[in-house]
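Some notes on the structure that comes next.
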2 protein chains.
Amino acid sequence: MSHAEPGLAEKVARVSRVTLSEVVYRDIRELILAGQVAPGEKFTLRGMAEAVGTSPMPVREAVGRLSAEGALEILPNRAIRVPIMTRERFAELTIIRAEMEGLAAEYAARNAGAEEIAAACGFHEEFAAESAKADPDGAAALRLNKDLHFAVYRAAHMPNLLQIIDGLWLQVGPVINLDLRASGRRLKEVEAHKHHARLIAALKAGDGASARQALADDIRAAASFILATGDLPSAP
Amino acid sequence: MSHAEPGLAEKVARVSRVTLSEVVYRDIRELILAGQVAPGEKFTLRGMAEAVGTSPMPVREAVGRLSAEGALEILPNRAIRVPIMTRERFAELTIIRAEMEGLAAEYAARNAGAEEIAAACGFHEEFAAESAKADPDGAAALRLNKDLHFAVYRAAHMPNLLQIIDGLWLQVGPVINLDLRASGRRLKEVEAHKHHARLIAALKAGDGASARQALADDIRAAASFILATGDLPSAP
DNA sequence: TATTGTCATCTGTGATCACATATGTCAAAG
DNA sequence: CTTTGACATATGTGATCACAGATGACAATA
């Protein structure tokens, strides 16, 4: 290929053809993250294939990836289901999240550019506004909360860390969303916006230790609420 | 089971039945961990399938899982290769490892039973003995080093954390092993056994903070050596 | 010699088939 | 009414086939 023409041919060629496996993977992933599939729910390759209008093949690859990430579970019977979240597993994941996401916040405080901090700050203000309402929109607040968190994590400029955190959110996603439906005021009660404010202030000051502390507190406060009010089974 | 002859052999075969995908997955995984495939090396589904004596099908699933874990990489051309380790990626993975494995060590100091500490101590003594030799066996020392580390991580009793650490070792595995061949005395020069001794002492004392510090120092010392002496490319 | 165009081959992706096992149904025996 | 057995169906796993795009070899051309 000649390098002379960066024009149309190049662009068209760069149109990365996305595989069906990738599409199915992202579809199932979104279902799980949005909490639209309940923990313990089982499904089959052929059933999912018919639902998305493909052969079972792409679903197989998607399920393989998702089970490798812990977002799905393959029982000894070879059945496929959304993993059940126990109190013990949730507690462990909370410890890991506080550590990893705190680490990301610490490096974000060091490495973030001004525009990245501004973006995170924007999400923070939107979130605080939504939280302050008399009857806050839980789904919208939750989305803004996620936007804020990942704006910070991206600002750390650590792609491998970001990928691990992504996998952790995929595992706790169902519980977070299901719990929100059970108790809509969660985000206000745990005073998430106050933790967020401390986080943003630390980012602006370039104070890594404080950023880490604020983020860890945010995660632990939300987790404590879920462990206290949620109905997570206690099977070890 | 309603079959006429259940027989012992039948039962054993049925119980211990693992899928071919799983076998192939573990095979490739071991190749990568042992550093028997070089970073950048490419391979094909059909080629690997013929090598292991199956159809391409199980290889496809194994490769899918491994690429989800970052142990393999799928290029835009859809070619499959062992990821190239850059200085930047190695530095980031080292930060993450120091944090995660340090966390595991801290909880191991709290949660480990006496027999678990004894097992780790045994690996430590074997490792120290091998390191003290005039001409230490690098491969054996590396294996003992891994045994010691994972004995500690298992003692934390945090299965999710253990799985994440496993994935991290899978990503840094090739470099560790390749570097060892280039400079056999690495383990002695970085004085790994001294870090290990501090770690074991902290475990016995139940001192989580010291255990974390010792383990983080061990990882950072080895990483510094590789960054200083290795020939990792500097492509961001 | 260097470049380009053509053609045979290779490779990943997706669909379909074959098979062993797991699950569900239902009638007969206790 | 409960339990057990056989039988029909459904499901995951593995192999094979079909196909579009990528790769590589090689001759023709400037």
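Side chains included, hydrogens not; waters and symmetry mates left out as well; all remaining heavy atoms used. Chain letters run A, B, ... following the sequence lines, proteins first, then strands; residues in each count from 1.
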- Select from B/Ser55 and B/Arg46 the residue whose nearest nucleotide in DNA chain D is closer to the 5' end of that strand. B/Ser55
- Message: Quick check: on DNA chain D, is the nucleotide nearest B/Lys42 upstream (toward 5') of the one nearest B/Pro56, or the reverse? Name the residue that is more 5'.
- Response: B/Pro56
- B/Tyr107 six-ring face occupied by B/Arg110 cation (under 6.0 Å, within 45°): yes
- Query: Across the strands shown, which category fits B/Ile74 at heavy-atom distances under 4.0 angstrom: base, sugar-phosphate, nothing?
  - Reply: nothing
- Message: Salt bridge or not between B/Arg154 and B/Glu116? Use side-chain N to carboxylate O under 4.0 Å.
- Response: no
- Item | Lys/Arg-Asp/Glu bridge criterion (N-O < 4.0 Å) met for B/Asp218, B/Arg97 | no
Quickly work out the [X] [atom1] to [N] [atom2] distance and round it to whole Å.
X: A/Glu61; N: D/dG14; atom1: CD; atom2: C1'; result: 14 Å
X: B/Arg78; N: D/dT23; atom1: CZ; atom2: P; result: 12 Å
X: A/Met57; N: D/dA18; atom1: CE; atom2: P; result: 17 Å
X: B/Leu75; N: C/dT13; atom1: CG; atom2: C1'; result: 16 Å

Do the side-chain N or O atoms of [X] get closer than 4.0 angstrom to the phosphate oxygens (OP1, OP2) of [N]?
X: A/Ser21; N: C/dT13; result: no
X: B/Asn77; N: D/dG21; result: no
X: A/Thr19; N: C/dG12; result: no

- Message: When you measure only distances, ignoring hydrogens and angles, does the side chain of A/Arg60 come within 3.5 Å of the base of C/dG14 through a donor and an acceptor?
- Response: no
- Message: Show the nearest heavy-atom pair for residues B/Pro83 and B/Glu73, with the distance to one decimal.
- Response: CA-OE1, 3.2 Å
